[in-house]
Amino acid sequence: MITGKITCLHVTDVRFPTSLDQHGSDAMHTDPDYSAAYVVIETDAADGLKGHGLTFTLGKGTEVVVCAVRALSRHVIGKALEDIVNNFRDFYRQLTSDGQLRWIGPEKGAVQLATAAVLNAVWDLWAKKEKKPLWKLLVDMDPHQLVSCIDFRYITDALTEEEALKILQNGKQGQRDREEHMLTSGYPAYTTSCAWLGYSDEQLKKLCSDALKEGWTRFKVKVGADLKDDIRRCELIRDMIGPDNIMMLDANQRWDVQEAISWVKDLAKYKPLWIEEPTSPDDILGHATISKELSPVNIGVATGEQCHNRVMFKQFLQAKALQYLQIDSCRLGSVNENLSVLLMAKKFNVPVCPHAGGVGLCELVQHLILFDYICVSGSLDNRMCEYVDHLHEHFTYPVIINRAAYMPPKDPGYSTEMKEESVLQYQFPDGAVWKKLILEKKVEV
């Protein structure tokens, strides 16, 4: 029996000054400060366990998400965890269908990011109560219970509840062998940390060289600001990693549709596997056009990190607008909505390659992709999970990478818990780190 009533919810604006060293820089986000609206929920349970959750932001605007979390908190405080998980679909709808708050969504923007943060904390609490890492909680769950966590509203023309149940039931076959394979070998990863757009050539060379020595074979390169510069950087990196290793490109929404097609064709000689976010993340038909035009040069389209919700993913899949689907653990409505997208991807036979370029995203999304392989897709073909080597030291249970693979977490929970000292030092604007930077006029408030 799951005991404990949620008694309070705390949310903190936590920001890391990554812009000072150009970590995370790309063609559209030139000065990101990796940040989070960090949620802690407490219960009256005798064991004193807390649930921790977050959503990822880039600095300014985190305060808006914090306000949205506080607005949603009335749906959480006073609820018993047992009542939530026994009727998770209804609880999900309470958060996403609040009669007033949904007007500033619905299921998109700051209110959706806030929903993710709150629900991530609830899932963390549930997994801790069951004394399991989240991926294992999901793997061990009965297919009927998994389906009961999903809101199928607006997607039944692409995936019905009955179809989802059948996919999960079929996924039971060979599940134990796949789980053992993950525990032994881990889930394949690719690195983005070598080629942020703001890095110098010398830095790119050193990071690529170090990554190759560590066993990395898949590399993502940020592009989109200047074609001549992109050609030079892609040539440099292709020469560094060799002809047999995999390269991906990421434009972070920089181009118009025809511009994307032309630009990527000019980079085709470097044999990229995909172009990520070539245009507006909302332009489903634009992505479909780009996909069709790049197919003859064997370059796929990847997108999803700024895809608002399951409805958009449904349309991307129906329009054949992507060849690689990138879920995000903090953009969609937490585990609940990600489950629906993983199941749709399975039905449409599109590989899932999660986005994890941000603080805490690697820690969270590893659980989802492990579940996907073990229980849904059953395949590693054309599948990999992003990894960035930044800020893991601030988490109580940081991600573990071994020979370019995510090793399954063993600690109970969703790996979302941050170290208290990190939260205190980096809370904005009153943490010691930010007070010092503001005093030295190294940042603007």
Side-chain angles (χ1 to χ4, degrees), residues 4 6-21 23-24 31-45 47-73 76-77 110 113-114 116-125 127-128 134 329-330 334 356-364 388-400 409 411-445:
I6 296 172
T7 55
C8 61
L9 182 153
H10 305 283
V11 58
T12 307
D13 183 337
V14 181
R15 306 187 193 185
F16 299 93
T18 50
S19 63
L20 297 179
D21 295 309
H23 301 319
D31 60 346
D33 285 328
Y34 277 10
S35 306
Y38 181 61
V39 172
V40 180
I41 55 177
E42 298 180 7
T43 74
D44 60 5
D47 56 17
L49 279 182
K50 300 176 182 179
H52 301 80
L54 60 85
T55 194
F56 171 61
T57 54
L58 290 185
K60 294 181 181 72
T62 310
E63 70 278 8
V64 178
V65 182
V66 166
C67 286
V69 168
R70 289 174 178 148
L72 288 169
S73 66
V76 182
I77 297 171
L113 294 174
V118 171
L119 286 171
N120 285 340
V122 172
W123 279 98
D124 179 59
L125 182 64
K128 286 175 179 174
L134 180 92
S329 55
C330 295
S334 188
V359 60
L361 297 188
C362 295
E363 276 71 20
L364 275 70
V388 295
D389 190 18
H390 306 299
L391 306 174
H392 303 293
E393 67 274 14
H394 298 290
F395 286 82
T396 306
Y397 309 108
V399 66
I400 297 173
D411 295 292
Y414 200 0
S415 306
T416 43
E417 184 175 345
M418 296 180 71
K419 295 177 180 177
E420 288 187 14
E421 57 268 30
S422 293
V423 175
L424 289 172
Q425 287 178 3
Y426 289 92
Q427 63 180 328
F428 185 87
D430 298 322
V433 170
W434 286 103
K435 282 185 175 180
K436 184 173 185 292
L437 289 171
I438 293 167
L439 183 63
E440 294 173 350
K441 297 184 179 180
K442 291 183 178 181
V443 296
E444 294 181 5
V445 181

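Side-chain atoms are counted along with the backbone in the values below, which use heavy atoms only and exclude waters and symmetry mates. By convention here, the first residue in the shown sequence is residue 1.
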Which side-chain N or O atoms in residues 62-73 pair as donor and acceptor under 3.5 Å with protein atoms at least two apart or in another chain?
from : atom 1 : to  : atom 2 : distance (Å)
T62  : OG1    : T57 : OG1    : 2.7
T62  : OG1    : G59 : O      : 2.5
E63  : OE1    : R15 : NH2    : 2.8
E63  : OE1    : G61 : N      : 3.1
S73  : OG     : R70 : O      : 2.7

Distance-only donor-acceptor pairs under 3.5 Å for side chains of residues 36-44, two or more places apart:
from : atom 1 : to   : atom 2 : distance (Å)
Y38  : OH     : M418 : N      : 2.9
E42  : OE2    : H10  : NE2    : 3.4
T43  : OG1    : A45  : N      : 3.2
D44  : OD1    : K5   : N      : 2.8

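Put simply, the side chain of T18 gets close to the backbone of P32: a donor and an acceptor are under 3.5 Å apart. Panel note: side chain E363, backbone V399; a donor-acceptor pair is recorded below 3.5 Å. Within the 3.5 Å criterion, the main-chain N or O of L49 finds a donor-acceptor partner in the side chain of D47. Listed for the N120 side chain is a donor-acceptor partner under 3.5 Å among the backbone atoms of L54. In this structure, the side chain of K128 engages the main chain of K50 through a donor-acceptor pair within 3.5 Å. Listed for the T55 side chain is a donor-acceptor partner under 3.5 Å among the backbone atoms of C330.
Judged as a side-chain contact (heavy atoms from CB on, under 4.5 Å), and not counting sequence neighbours, the contacts of D411 are Y397.
L119 and S334 make their closest contact through CB-CB, 3.3 Å (heavy atoms, listed as atom of the first residue, atom of the second, distance). For the residue pair P429 and K435, the shortest heavy atom distance occurs at O-CG, 3.9 Å.
Under the 4.5 Å side-chain criterion, counting only non-hydrogen atoms from C-beta, P17 is in contact with L437. Looking at heavy atoms from C-beta onward, I77 lies out of side-chain contact with T7 at the 4.5 angstrom threshold. The closest side-chain heavy-atom distance from K436 to V433 is not below 4.5 Å. By the 4.5 Å heavy-atom criterion applied to side chains, K419 and Q425 are not counted as neighbours. Contact of the F395 side chain with the T416 side chain is not registered, since no non-hydrogen atoms from C-beta on lie closer than 4.5 Å. When side chains are defined from C-beta on, I438 does not count as touching K441, because their heavy atoms never get closer than 4.5 Å.
Of the N and O atoms on the side chains of S422 and H394, at least one donor lies less than 3.5 Å from an acceptor on the other residue.
Atoms CG and CD, on D124 and E417 in that order, are 7.0 Å from each other to the nearest 0.5 Å. Interatomic distance, Y34 OH to L361 CG, rounded to the nearest 0.5 Å: 8.0 Å. In this structure, the separation between OG on S329 and CG on L364 is 4.0 Å, given to the nearest 0.5 Å. A distance of 14.0 Å separates CZ of F428 from OG1 of T12, quoted to the nearest 0.5 Å.
The aromatic rings of F16 and Y426 sit tilted, their planes meeting at an angle between 30° and 60°.
Checked against a 6.0 Å centroid threshold, the rings of Y414 and W123 do not count as neighbours.
Salt bridge K442/E440: present, at least one basic N to carboxylate O contact under 4.0 Å.
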